2 protein chains.
Amino acid sequence: MKRLTKRELRVEAIYKAALKVFAAYGFRKATIEDIANELGVGKSSLYFYVRDKRELYEKAVAYGLTRWQDKVRKAVADEPDPERKFVVMAKKAYEHLVEDQDLRRILERDPSLFPLDESRDPYAHINRASMNMIREVLANAIDAGRFRSVDLDAVPQLLFAVYVMLVQKAYMFGQGPLAGIMFEDGLDIVLDGLRKPGR
Amino acid sequence: MKRLTKRELRVEAIYKAALKVFAAYGFRKATIEDIANELGVGKSSLYFYVRDKRELYEKAVAYGLTRWQDKVRKAVADEPDPERKFVVMAKKAYEHLVEDQDLRRILERDPSLFPLDESRDPYAHINRASMNMIREVLANAIDAGRFRSVDLDAVPQLLFAVYVMLVQKAYMFGQGPLAGIMFEDGLDIVLDGLRKPGR
DNA sequence: GAACAAATGATCATATTGTTCTATAATTCG
DNA sequence: CGAATTATAGAACAATATGATCATTTGTTC
């Protein structure tokens with residue numbers, strides 16, 4: 001396992017508290033004091049870690065997104081089969097969001113997290129890394145002759161865009177029991193589209 | 001059916017919007033402007049209907065509680081059998097809260113809605129009416145020889161208090177599938193306790 | 001078209017909130 | 001230990017948000 005310094009642990013706790021409060025109230029209604037109270041600390045103390053409210057939000061969200069991404073990346077790395085890598089990637093990404101309700105609610109609330117144009121958003125490198133992961137998984141399965149050859153620039157972007165849209169429109173995470181089924185169905189469709197014919 | 005004047009319809013719409021916003025944000029974080037926006041109206045317009053924010057809250061909550069109570073009362077009136085009246089009362093009260101998530105969230109948030117002491121709270125007469133309804137249903141079933149004779153002052157208060165506690169502690173409405181089962185079980189226990197032995 | 005009902009936008013006082021600053025407390029490290 | 005650094009607290013302040021008022025306009029009723 002990885003060793004975290006005291007400082008890193010504290011910063012994590014702060015980001016988690018911030019995510020919880022921002023998820024519950026949204027950026028506007030959430031106050032620095034809410035987050036400070038969540039941590040049992042004076043509000044001025046937070047400015048030791050962060051320049052202002054906006055930066056606290058962005059760093060906390062970046063932390064949440066990175067955790068999500070890391071979890072998926074590790075699961076993908078543990079799976080040897082190229083086609084199953086793709087399935088694992090999709091499933092882990094879904095599973096994590098089901099569990100992490102704070103991150104989920106923030107993604108639902110904040111459409112600017114995945115801007116269509118990449119111009120100067122704070123999460124650009126995280127999103128680019130997600131796209132790269134998708135691209136690598138696809139390339140791997142294509143090399144192995146499992147997926148047909150697709151445009152490795154356009155398709156990862158498309159897949160990512162569809163995924164994000166599902167999250168934001170809350171189709172995926174409605175309270176009904178259809179949520180899981182819809183996800184499985186969608187994954188099947190995408191898999192069929194990618195699979196190399198005649199296998 | 002009942003005919004409502006334009007004015008009454010407008011007032012209803014305002015209370016519903018208010019309940020929605022207060023339920024989502026709580027009294028403190030909810031603003032008059034939020035509610036006005038929900039209605040697509042300037043915030044000053046609301047002061048035509050209401051003296052201040054607190055009064056808007058109290059009237060909206062009173063409206064929600066009254067609707068809840070009326071629904072239960074009608075269902076009870078439609079059921080002829082004395083013992084089943086009691087069952088219907090409990091079930092309808094439960095059902096309505098499952099459906100009306102705004103009212104439910106407000107009850108969860110605001111413990112002062114059912115003060116243990118009756119001294120000067122705005123909902124005293126509504127709560128008293130609830131207690132009276134319980135008392136009448138009990139008296140009816142006792143007269144018919146279905147329930148054993150119980151203290152008609154203490155028991156309605158107790159039942160009401162238990163019910164309110166369940167709501168506020170959210171035992172009843174947790175997200176798990178146990179919610180409904182727990183309610184049925186609790187109702188059975190109470191029914192057993194009330195039923196006249198030897199029937 | 002007079003009389004009333006309803007909504008608006010500007011305005012203002014107050015409360016809330018984000019942020020800064022200085023003083024303490026706690027911890028690290030030589 | 002004691003100095004240096006890290007972390008927090010609390011007071012203070014400026015900017016903003018918010019609740020509330022009011023004069024005016026728009027819409028409706030009869």
Side-chain angles (χ1 to χ4, degrees), chain A residues 2-64 102 105-106 109-110 112 122, chain B residues 2-64 102 105-106 109-110 112 122:
Chain A
K2 56 192 166 190
R3 292 214 45 81
L4 290 182
T5 68
K6 251 176 196 160
R7 168 76 187 223
E8 287 168 328
L9 285 174
R10 186 76 185 129
V11 168
E12 273 203 2
I14 288 171
Y15 290 163
K16 280 178 187 168
L19 282 176
K20 181 172 174 183
V21 172
F22 282 128
Y25 298 137
F27 181 81
R28 185 146 177 282
K29 298 245 174 205
T31 73
I32 295 283
E33 203 169 11
D34 289 331
I35 297 166
N37 289 341
E38 180 73 28
L39 290 160
V41 103
K43 62 176 173 175
S44 61
S45 303
L46 290 175
Y47 286 86
F48 181 74
Y49 297 91
V50 103
R51 186 187 317 272
D52 57 19
K53 185 185 177 185
R54 174 63 56 179
E55 185 181 304
L56 177 54
Y57 178 76
E58 287 173 359
K59 286 195 172 179
V61 171
Y63 166 76
D102 288 342
R105 293 188 67 177
I106 283 180
R109 278 189 199 273
D110 192 344
S112 77
Chain B
K2 56 192 167 190
R3 291 217 45 82
L4 290 182
T5 69
K6 250 175 198 163
R7 169 76 187 225
E8 287 168 328
L9 285 174
R10 186 77 186 127
V11 169
E12 274 203 1
I14 289 170
Y15 290 163
K16 281 179 188 168
L19 282 175
K20 180 172 175 184
V21 172
F22 282 127
Y25 298 136
F27 181 80
R28 186 148 177 283
K29 298 240 176 207
T31 72
I32 296 282
E33 204 169 9
D34 289 331
I35 297 165
N37 289 341
E38 181 71 28
L39 290 161
V41 103
K43 62 177 174 174
S44 61
S45 304
L46 290 175
Y47 288 88
F48 181 73
Y49 296 91
V50 103
R51 187 186 318 274
D52 57 20
K53 184 185 177 183
R54 175 62 57 179
E55 185 182 304
L56 177 54
Y57 177 77
E58 287 174 359
K59 287 195 171 178
V61 171
Y63 165 76
D102 289 342
R105 293 188 67 175
I106 284 180
R109 278 188 199 275
D110 192 344
S112 78

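Below, read A as the first sequence line, B as the second, and so on, with proteins coming before strands; counting in each chain starts at 1. Keep in mind that what you see is a predicted model, and the values were worked out from it rather than measured.
If you take CG of A:Leu46 and C1' of D:dA9, they are 12 Å apart, rounded to a whole angstrom. Note: OH (A:Tyr47) to P (C:dT19) measures 4 Å, nearest angstrom. Rounded to whole angstrom, the span from the CZ atom of A:Phe48 across to the P atom of C:dA26 amounts to 16 Å. Atom P of nucleotide C:dT27 and atom CG of A:Leu9 are separated by 15 Å, given to the nearest angstrom. Taking atom CG of A:Asp52 as the reference point, atom C1' of D:dA14 lies 15 Å away to the nearest angstrom. Taking atom OH on A:Tyr49 and atom C1' on D:dT8, their separation rounds to 8 Å, with Å as the unit. One can place CG of A:Leu39 at 15 Å from C1' of D:dA9, the figure rounded to the nearest angstrom. The separation between B:Asn37 atom CG and C:dA7 atom C1' is 15 Å, rounded to whole Å.
Phosphate proximity of D:dT8 to A:Arg10: present, with a side-chain N or O under 4.0 Å from OP1 or OP2. At D:dT8, none of the side-chain N or O atoms of A:Ser44 fall inside 4.0 Å of OP1 or OP2 (strictly under the cut-off). For C:dA6, the OP1/OP2 oxygens have a side-chain nitrogen or oxygen of B:Arg7 closer than 4.0 Å.
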Residues 16-29 of chain B, side-chain donor-acceptor partners within the protein, below 3.5 Å, at least two apart:
| residue | atom | partner | partner atom | Å |
| --- | --- | --- | --- | --- |
| B:Lys20 | NZ | B:Glu38 | OE2 | 2.9 |
| B:Lys29 | NZ | A:Lys29 | O | 2.4 |
| B:Lys29 | NZ | A:Asp34 | OD2 | 2.4 |

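Two residues are said to be in side-chain contact when any heavy atoms from C-beta on lie closer than 4.5 Å; B:Tyr63 and B:Val11 fail this criterion. Here the side chains of B:Asp110 and B:Val61 are not in contact, with every heavy-atom distance at 4.5 Å or above. Side-chain contact check for B:Lys59 versus B:Tyr49: every heavy-atom pair is 4.5 Å or farther apart.
Pairing each heavy atom of A:Ile32 with each of A:Leu56, the nearest pair is CD1-CD2, 4.3 Å. Residues B:Tyr47 and B:Asp52 approach most closely at CE2-CA, 4.1 Å, considering heavy atoms.
Listed candidates were C:dT19, D:dA9, D:dA20. Nearest to the side chain of A:Lys53 is C:dT19.
Scanning residues 21-35 of chain A for heavy-atom distances under 4.0 Å to DNA chain D yields A:Arg28.
From A:Ile35, atom CD1 reaches atom OH of A:Tyr57 across 11.0 Å, with rounding to the nearest 0.5 Å. Atom-to-atom distance recorded for B:Arg10:CZ and B:Arg7:CZ is 10.5 Å, nearest 0.5 angstrom.
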| task | Treat primed atoms plus P, OP1 and OP2 as sugar-phosphate and everything else as base, then score nucleotides 23-30 of chain D 5' to 3': B for base contact with protein heavy atoms under 4.0 Å, S for sugar-phosphate contact only, - for none. | result | ------S-

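Counting only distance, with no hydrogens or angles, the side chain of B:Lys53 and the backbone of B:Ala30 share a donor-acceptor pair below 3.5 Å.
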